[in-house]
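Below, each value reflects all heavy atoms present in this structure, side chains not excepted, and no hydrogens, waters or symmetry copies.
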Amino acid sequence: MDKIVIRGGRPLQGEIAVSGAKNAALPLMAAALLTEQTVRLGNLPHLVDIATLANLLTRLGAELHLNGQCAPDGHDGRVLEICARRIASHVAPYDLVRKMRASVLVLGPLLAREGRAEVSLPGGCAIGTRPIDLHLEGFKRLGAEIELDGGYVKATAPNGLKGGEIVFPKVSVGATENLMMAASLAEGETLLVNAAREPEIVDLANLLCAMGADIEGAGSEQICIRGVSALHGAEHTVIPDRIEAGTYAMAAAATDGDLHLLGARADHLAALSELLTKAGVTLEETNRGLRVRRANGRLVGTDAMTEAFPGFPTDLQAQYMALMTTAEGAAMVTETIFENRFMHVPELCRMGAEIVVHGASALIRGKPTLKGAPVMATDLRASSCLVLAGLVAEGETELNRVYHLDRGYERLEAKLAACGADIRRVREA
Ligand code: UD1
């Protein structure tokens with residue numbers, strides 16, 4: 001298994017091109033199952049999660065072609081063509097779904113187009129139980145029958161799906177996406193109430209509309225979808241990854257550096273910008289992205305609470321905590337989206353951080369510095385949190401289980417090394 005070795009203490013300086021968003025690309029790829037024609041996605045990030053979904057789509061009968069292509073700003077977003085002319089299988093098997101929860105996003109498209117789908121239940125994962133009940137209740141509301149058998153969800157709609165009103169009891173990104181895709185091919189109108197408002201939802205709605213869907217309100221709490229009888233092929237460019245951009249913004253702040261994040265969108269990062277500004281970081285919108293550096297001197301401990309968009313994202317919570325470990329004073333970080341998402345805390349403490357967890361909140365008392373240590377990544381965002389900690393720590397940090405990072409960060413060590421970080425990957429057989 002690969003390791004990443006970092007010698008901390010170097011301020012990051014330079015430019016980083018932000019890749020296409022993983023969490024936008026995955027539902028966009030699943031949406032290609034809704035049409036017999038080709039869907040062409042540009043600015044696709046090169047990540048293990050993308051390969052996992054590509055593998056699943058292939059098993060379902062889609063044909064995929066991947067081309068490297070240089071984007072105008074010089075970074076190499078890839079172009080993926082997906083053509084699901086024929087659906088050969090309706091089953092998303094356990095061996096793929098267990099690798100990546102987002103595989104459940106094929107349920108809506110398969111059910112809407114084919115009237116049936118079988119998807120393995122994703123089961124627990126490192127950051128909590130993460131059920132899919134909201135997806136399933138939504139499909140039932142559109143007339144599907146749902147059965148659980150042998151660890152699989154078997155969904156059928158022999159007479160097609162029928163539009164209806166779905167009021168989500170809790171905001172869910174995945175359920176909003178799955179239902180929006182399914183409702184695009186349902187008969188009549190569907191209203192999604194208490195829908196997620198993330199930029200990835202808007203990106204998916206934009207692709208679906210380019211494919212001929214009739215959707216209004218994406219990005220607000222209510223989305224209205226008027227079903228159409230068929231969708232067609234389309235071309236679309238994946239939005240920049242706000243979580244990757246936010247991670248590097250915090251890396252600049254943590255190392256007292258100065259980074260220009262090319263392609264980063266300030267409107268997708270407003271909640272983080274607000275927090276970082278309070279903590280003493282300057283974020284400046286430029287015509288190429290976002291420039292991030294400390295305003296003056298040490299960071300100031302600043303409380304944060306995760307919330308659904310437009311609130312502060314749970315996917316940046318671990319990295320923010322790493323940033324706060326060397327801020328002046330204390331910071332309280334509260335996680336409201338996922339249970340058990342503080343697995344990075346013991347690892348940060350091994351590097352000298354002072355953090356106490358009380359339920360869903362963690363109190364971080366800032367120290368002047370951290371000390372490098374061997375650490376273990378437990379999930380994707382915990383991994384980038386430990387990279388940030390390694391970048392500020394004195395001495396060497398060895399990060400194990402790097403495969404988590406490869407699920408969601410494209411060429412992380414190359415991007416950071418190009419900005420002055422002492423970071424390298426050690427390949428092990
Ligand atoms: C997506 C993101 C993930 C991010 C999360 C929250 C992708 C591929 N992943 O995950 O990176 O951390 O949004 O911003 O886009 N829930 C239920 N029942 C359900 C569905 C969700 O109780 O049927 C709960 C979850 O356990 C969690 C909360 O709702 O507590 C939000 O989850 P959700 O927004 O669905 O996350 P994902 O779409 O899985």
Side-chain angles (χ1 to χ4, degrees), residues 6 8-21 45 73-75 199 239-304 306 309-313 315-328 331 333 364 366 369-370 381 383-393 408-423:
I6 306 168
R10 292 177 166 215
L12 295 176
Q13 244 137 24
E15 296 182 343
I16 295 184
V18 178
S19 297
D73 60 6
H75 79 284
I239 54 170
D241 195 316
R242 63 195 169 96
I243 304 302
E244 188 199 22
T247 302
Y248 292 136
M250 289 191 269
T255 61
D256 201 1
D258 183 350
L259 285 182
H260 196 175
L261 304 173
L262 307 182
R265 282 186 50 174
D267 57 331
H268 291 174
L269 287 161
L272 176 70
S273 300
E274 197 181 311
L275 279 179
L276 291 185
T277 305
K278 276 194 209 155
V281 180
T282 302
L283 294 103
E284 183 194 332
E285 202 174 341
T286 70
N287 54 8
R288 296 169 71 210
L290 208 54
R291 186 174 166 200
V292 186
R293 57 196 190 280
R294 273 196 210 168
N296 45 33
R298 248 181 105 180
L299 296 163
V300 183
T302 305
D303 296 350
T306 63
F309 193 85
F312 176 60
D315 287 351
L316 288 175
Q317 179 258 108
Q319 302 89 311
Y320 184 78
M321 206 185 282
L323 180 68
M324 288 295 111
T325 56
T326 55
E328 207 159 320
V333 173
I364 304 123
T369 187
L370 298 177
R381 306 306 169 184
S383 312
S384 52
C385 148
L386 295 172
V387 169
L388 254 61
L391 291 171
V392 288
Y409 288 89
E410 186 171 50
R411 295 183 295 108
L412 170 126
E413 67 276 17
K415 289 187 182 189
L416 289 173
C419 295
D422 184 344
I423 181 168

Next on the checklist: Could you check whether any side-chain N or O of R381 sits under 3.5 Å from a backbone N or O of A318, counting only pairs where one atom can act as donor and the other as acceptor?
Outcome noted: no
Checklist outcome for this item: On a heavy-atom basis, the closest approach of A245 and V18 is CB-CG2, 4.0 Å
Checklist entry - How long is the gap from NE2 on H268 to CG on D241, to the nearest 0.5 Å? => result 11.0 Å
Next on the checklist: Using a 3.5 Å distance criterion without hydrogens, assess whether the side chain of S19 forms a donor-acceptor pair with backbone atoms of P45.
Outcome noted: no
Next on the checklist: Does any part of the side chain of T247, heavy atoms only, come nearer than 4.5 Å to the side chain of V387, both counted from C-beta?
Outcome noted: no
Next on the checklist: Is any side-chain heavy atom of Y248 closer than 4.5 Å to one of L412?
Outcome noted: yes
Item to check | Heavy-atom side-chain contact between L299 and R294 under 4.5 Å | outcome: yes
Checklist entry - Between T302 and Y320, what is the shortest heavy-atom contact and its length? => result O-OH, 2.7 Å
Item to check | Nearest-0.5 Å distance, CG of residue L12 to OG1 of residue T255 | outcome: 3.5 Å
Item to check | Whether over 12 other heavy atoms sit under 6.0 Å from E274 CD | outcome: no
Checklist entry - Given side chains that start at C-beta, do those of M250 and L272 come closer than 4.5 Å, heavy atoms only? => result yes
Next on the checklist: Return the CG to CG distance between L259 and L290, rounded to the nearest 0.5 Å.
Outcome noted: 10.5 Å
Item to check | Spatial distance of atom CG (L316) from atom OG1 (T306) [nearest 0.5 Å] | outcome: 10.5 Å
Item to check | Flag side-chain contact, heavy atom, 4.5 Å: I243 against Q319 | outcome: yes
Next on the checklist: Using only atom types and a distance under 3.5 Å, with no angle test, would you say the side chain of R298 pairs donor to acceptor with the backbone of A327?
Outcome noted: yes
Item to check | Gap separating the CG atom of D267 from the CZ atom of R242, nearest 0.5 angstrom | outcome: 10.5 Å
Next on the checklist: Can you list everything that forms a ring pair (Phe, Tyr, Trp, His ring centres under 6.0 Å) with Y409? Sequence neighbours excluded, please.
Outcome noted: none
Next on the checklist: Less than 4.5 Å apart, side chain to side chain, heavy atoms only: is that true for V300 and K278?
Outcome noted: no
Checklist entry - G257 and P11: which non-hydrogen atoms are nearest, and at how many Å? => result CA-CB, 4.0 Å
Checklist outcome for this item: Note: A322 and C385 closest approach over all heavy atoms is CB-O, 3.4 Å
Item to check | CD1 on I364 to OG1 on T325, rounded to 0.5 Å | outcome: 8.0 Å
Checklist entry - For the residue pair M324 and A279, what are the closest heavy atoms and their distance? => result CE-CB, 4.1 Å
Item to check | Exercise: identify the closest heavy-atom pair between K415 and E410 | outcome: CE-O, 3.4 Å
